[in-house]
Chemist: 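Quick one: this structure, given as structure tokens, is what I'll be asking you about.
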Amino acid sequence: MQQGRARAVIGGALLALAPLAPARAGPAEDLAAVIADHWAWWLSVNPEQATALGERRYDDRVSDLSLEAADAQARQAKAFLDRLKAIPDTGLSPSDRVNKGVLARLLDAQVAGNGFGQRQMLFTTYYGWHQNFAELASNVPFLTRADYESYLKRLALYPQLNGQGIAVTAKAVREGFVQPCAVLGGFAKSITGVIAPVPEKSRFYAPFLGTRPADVSAADWAAFQARAKQLITGTLEPEYRRFAEFFAKEYLPKCRQSVGASALPQGAAWYALRVRQETTTELSPDQIHEIGLREVTRIRAEMEQVARQAGFADRAAFVAELRTNPQYYAKDAETLLATAALEAKRHDGLLPRFFGRLPRLPYGVKPIPAETAEGTTTAYYGLGSPPAGIAGTYFVNTSKLPQRPLWELPALTAHEAVPGHHLQIALQQELDLPPFRKYASGFTAFVEGWALYTERLGIDMGLYDTPEKQMGRLSYEMWRACRLVVDTGLHAKGWSKAQAIGFMHDNTALTDANIEAEVNRYISWPGQALGYKIGELKIRELRAKAESALGPKFDLRGFHDTVLGQGAVPLDVLEAQVDAWIAARGARP
């Protein structure tokens, strides 16, 4: 998963930037004006992301979580959408039509989502404003005096951000838009875990442990360090305690007993919207549920075959061995990280055989922060920023080591690092595309569908050279197929959490801790998990179509470059791209 770590862009400082009236120069020029105006506005309301992308005008601001800001931004999005609709497709190039369509879809999603009370639910088991802010130092540059000064200004603004988050959440509590009790067992630690025993140990102090910038004197550096310690102890930690107290005394007692989105006001309509947005299709929850059941049946048969080849009577016996034999688990965090890093480098060395174009931005391997590790998933990807000099990061969960099997690492690394998230996202940042498509159009069905496709590509790459690793890949594929069943089961068919956990336990080789964390995620973040398998199936379908149409002319590297060549797009746009590539090579799609 990416950046999400799947981070929701919640919004930013509110500016009075009214959309300009449509020009009359021509469709292409009008479109270019809308795209430019929209990007300037997007940067202004996402100030932290603006800094990471090299726009420094908003360095003294933090995101605005208020509902007033959300309403203003939705009105602004609607105004941009109206301008787009007024531009005829006639006179636009094919690439401009794609730009127009992608931007329209993003704006429409923003407008539609703001119409539901669920917009007040600002955190899941996977993200929240308090966690996003704790990662601020990882997402902005630290090269000059100005970087440290702006960072300190932002730290001082956390009471504003936290106050808005708590105010919106208090309103959500009054109106019943709360997370289920069943998923909140470890949430308090994601707040209190940020509080350090001494300021020097705080995540917020990390930038001041590095090398002093050349344009900062020793005296000023000491002053910066003192200011950081003061802010940590006098401002940040009291605010984290404030949120922890609010959560314990006001939120947790009002958590809901139901787990499905359909139990919320307008829940069925909201979930249907989430399904459409996350899959970029018109598939209904019932249709997706059936696709999931078919995939579960197919993958289960493959798992049975691998188990027999490994010398076990059946899949269940092999899975029991994989879950319990200590040889398959690292004894300490350093060993797990080292094994993941070695696996990542093995993948790096194979990439030129399968891709014609590779990204320049590197990536590193780090542990997931301790305060969130126990309640989150096995790994995730943190995107980098070439303009800000920030590398991508493959975050690995080093908590609960007896439940982090090494036989998962080939598939996990393919997904989160390369050829999955890092390769796709870093390439997207280098493409000759409008900035909003390079940095602000992460369609889940494409991004996660690609990452899941690369797990299967690992077969071609020779990653799964033991039955244990083969079962690891199949378990991961089964995991994503089960998501289609479980997510729709929970939110559209009345499933309980126990029913969802049972289905995952019966059909995957995931350990109990991973299953618990995953089901909590599906409950607290409806629909997001559906994009993976739906996107992967579409990419596999398009590859099969290209192989059939082109025969000996089929070029796997060319196919991959085509899929990645326009960045993240809706699945119907991707299909049009591949069809055009097939036609250009002299075949009928």
Chemist: Do T377 and E518 have side-chain N/O donor and acceptor atoms under 3.5 Å apart?
Modeler: yes
Chemist: So, does N162 use its side chain to make a donor-acceptor pair with the main chain of Y158 at under 3.5 Å?
Modeler: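 No, N162 side chain to Y158 backbone: no donor-acceptor pair under 3.5 Å.
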Chemist: Looking at W525 versus Y126, is the centre-to-centre ring distance below 6.0 Å?
Modeler: yes
Chemist: Measuring centre to centre across the rings, with the benzene-like ring taken for any Trp, is F208 within less than 6.0 Å of Y205?
Modeler: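 Aromatic pair counts; centres sit under 6.0 Å.
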Chemist: So, S385 side chain and A52 main chain: donor-acceptor pair closer than 3.5 Å or not?
Modeler: yes
Chemist: Any idea which heavy atoms bring F142 and A137 closest together, and the distance?
Modeler: CE1-O, 3.3 Å
Chemist: With no hydrogens and no angle check, is any side-chain donor or acceptor of E278 less than 3.5 Å from a backbone partner on V275?
Modeler: no
Chemist: Does a side-chain N-to-carboxylate-O contact under 4.0 Å join R145 and E149?
Modeler: yes
Chemist: Should the pair R105-D572 be classified as a salt bridge under the 4.0 Å nitrogen-to-oxygen rule?
Modeler: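 Salt bridge present between R105 and D572.
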Chemist: Is the shortest heavy-atom distance from the side chain of W495 to the side chain of T488 under 4.5 Å?
Modeler: no
Chemist: Are S190 and T372 close enough that a side-chain donor and a side-chain acceptor fall under 3.5 Å?
Modeler: no
Chemist: Below 6.0 angstrom between ring centroids: does that apply to W129 and F243?
Modeler: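 They qualify: ring centres under 6.0 Å apart.
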Chemist: Answer with yes or no after comparing the ring centroid distance for F187 and F123 against a 6.0 Å cut-off, counting only values under it.
Modeler: yes
Chemist: Would Y394 and Y380 count as a ring pair (Phe, Tyr, Trp, His ring centres under 6.0 Å) here? Give the steps.
Modeler: CA-CA 6 Å; Y394 171 23; Y380 53 69; 9.7 Å; no
Chemist: Using a strict 4.0 Å threshold on nitrogen-to-oxygen distance, state whether K493 and D286 make a salt bridge.
Modeler: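 Between D286 and K493 there is a salt bridge, with a charged N closer than 4.0 Å to a carboxylate O.
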Chemist: Charged N to carboxylate O under 4.0 angstrom, K533 versus E536?
Modeler: yes
Chemist: Is a side-chain donor or acceptor of Y363 paired with a backbone partner of G384 at a separation under 3.5 angstrom?
Modeler: no
Chemist: Where the side chain of H421 meets the backbone of G392, is there a donor-acceptor pair that is under 3.5 Å apart?
Modeler: no
Chemist: Could you tell me whether R119 and D71 have a side-chain N and a carboxylate O separated by less than 4.0 Å?
Modeler: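 Looking at R119 and D71, the cut-off is met.
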Chemist: Answer yes when E239 and R241 have at least one side-chain N-carboxylate O distance shorter than 4.0 Å, and no when they do not.
Modeler: no
Chemist: Parallel, tilted or perpendicular: which describes the rings of H38 and W41, with under 30° parallel and over 60° perpendicular?
Modeler: tilted
Chemist: Quick one: closest heavy-atom pair of I191 and Y240, and the distance?
Modeler: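 Smallest interatomic distance, heavy atoms only, reads CG2-O, 3.3 Å.
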Chemist: Name the one of L184, N520, L252 that satisfies side chain to side chain contact (heavy atoms under 4.5 Å, CB included) with Q179?
Modeler: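 Of the listed options, the one satisfying the test is L184.
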Chemist: Rounded at 0.5 Å granularity, tell me how far CG in L122 sits from OH in Y127.
Modeler: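 Answer rounded to 0.5 Å: 8.0 Å.
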Chemist: Got a salt bridge between D30 and R83, using NZ or NE/NH1/NH2 to carboxylate O under 4.0 Å?
Modeler: no
Chemist: Do E516 and R521 meet the salt-bridge criterion of a basic N to acidic O distance under 4.0 Å?
Modeler: no
Chemist: For the rings on Y381 and H422, is their centre-to-centre separation under 6.0 Å?
Modeler: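 Y381 vs H422: aromatic centres under 6.0 Å.
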Chemist: Could you tell me which non-hydrogen atom of I291 sits nearest to which non-hydrogen atom of L537, and how far apart they are?
Modeler: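 That would be CG2-CD1, 3.8 Å.
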Chemist: Look only at the side chain of Q566 and the backbone of L574, and say whether a donor-acceptor pair between them is shorter than 3.5 Å.
Modeler: no
Chemist: Please confirm whether the backbone N or O of A28 pairs with a side-chain atom of D96, one donor and one acceptor, at under 3.5 Å?
Modeler: no
Chemist: Can you confirm whether the side chains of Y439 and N46 place a donor and an acceptor under 3.5 Å from each other?
Modeler: no
Chemist: Tell me if a side-chain donor or acceptor on T51 pairs with a main-chain N or O of R56 at a distance below 3.5 Å.
Modeler: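 Between the backbone of R56 and the side chain of T51 there is no qualifying donor-acceptor contact (under 3.5 Å).
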Chemist: Take atom NZ in K366; do more than 12 heavy atoms of anything else shown fall under 6.0 Å from it?
Modeler: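 No, because the 6.0 Å sphere around NZ of K366 holds 12 heavy atoms or fewer from other groups.
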Chemist: Under a 4.0 Å N-O cut-off, is there an ion pair linking D89 with K100?
Modeler: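 A salt bridge is present here (some side-chain N lies under 4.0 Å from a carboxylate O).
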Chemist: Identify whether the distance between the nearest side-chain nitrogen and carboxylate oxygen of E175 and K171 falls below 4.0 Å.
Modeler: yes
Chemist: Just checking, R483 and Y532: is the charged tip under 6.0 Å from the six-membered ring centre and within 45° of the axis?
Modeler: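 Cation-pi check for R483 and Y532: passes.
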Chemist: So, are E374 and K189 salt-bridged, with charged N and O less than 4.0 Å apart?
Modeler: yes
Chemist: Quick one: does R274's side chain have a donor or acceptor within less than 3.5 Å of a partner on G527's backbone?
Modeler: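 No.
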Chemist: T444 vs Q528, test: side chain to side chain donor-acceptor pair (under 3.5 Å). Steps then yes/no.
Modeler: CA-CA 7 Å; T444 302; Q528 191 273 343; 4.7 Å; no
Chemist: Write down the atom of V45, the atom of Q73, and the distance for their closest heavy-atom approach.
Modeler: CB-NE2, 4.0 Å
Chemist: Using only heavy-atom distances, determine whether the side chains of D64 and Q164 contain a donor-acceptor pair under 3.5 Å.
Modeler: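 Side-chain D/A pair, D64 to Q164: present.
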Chemist: May I ask you to check whether E135 and Q131 show a side-chain donor-acceptor distance below 3.5 Å?
Modeler: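 Side chains of E135 and Q131: no pair found under 3.5 Å.
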Chemist: Any sub-3.5 Å donor-acceptor pair from Q428's side-chain atoms to K438's backbone N or O?
Modeler: yes
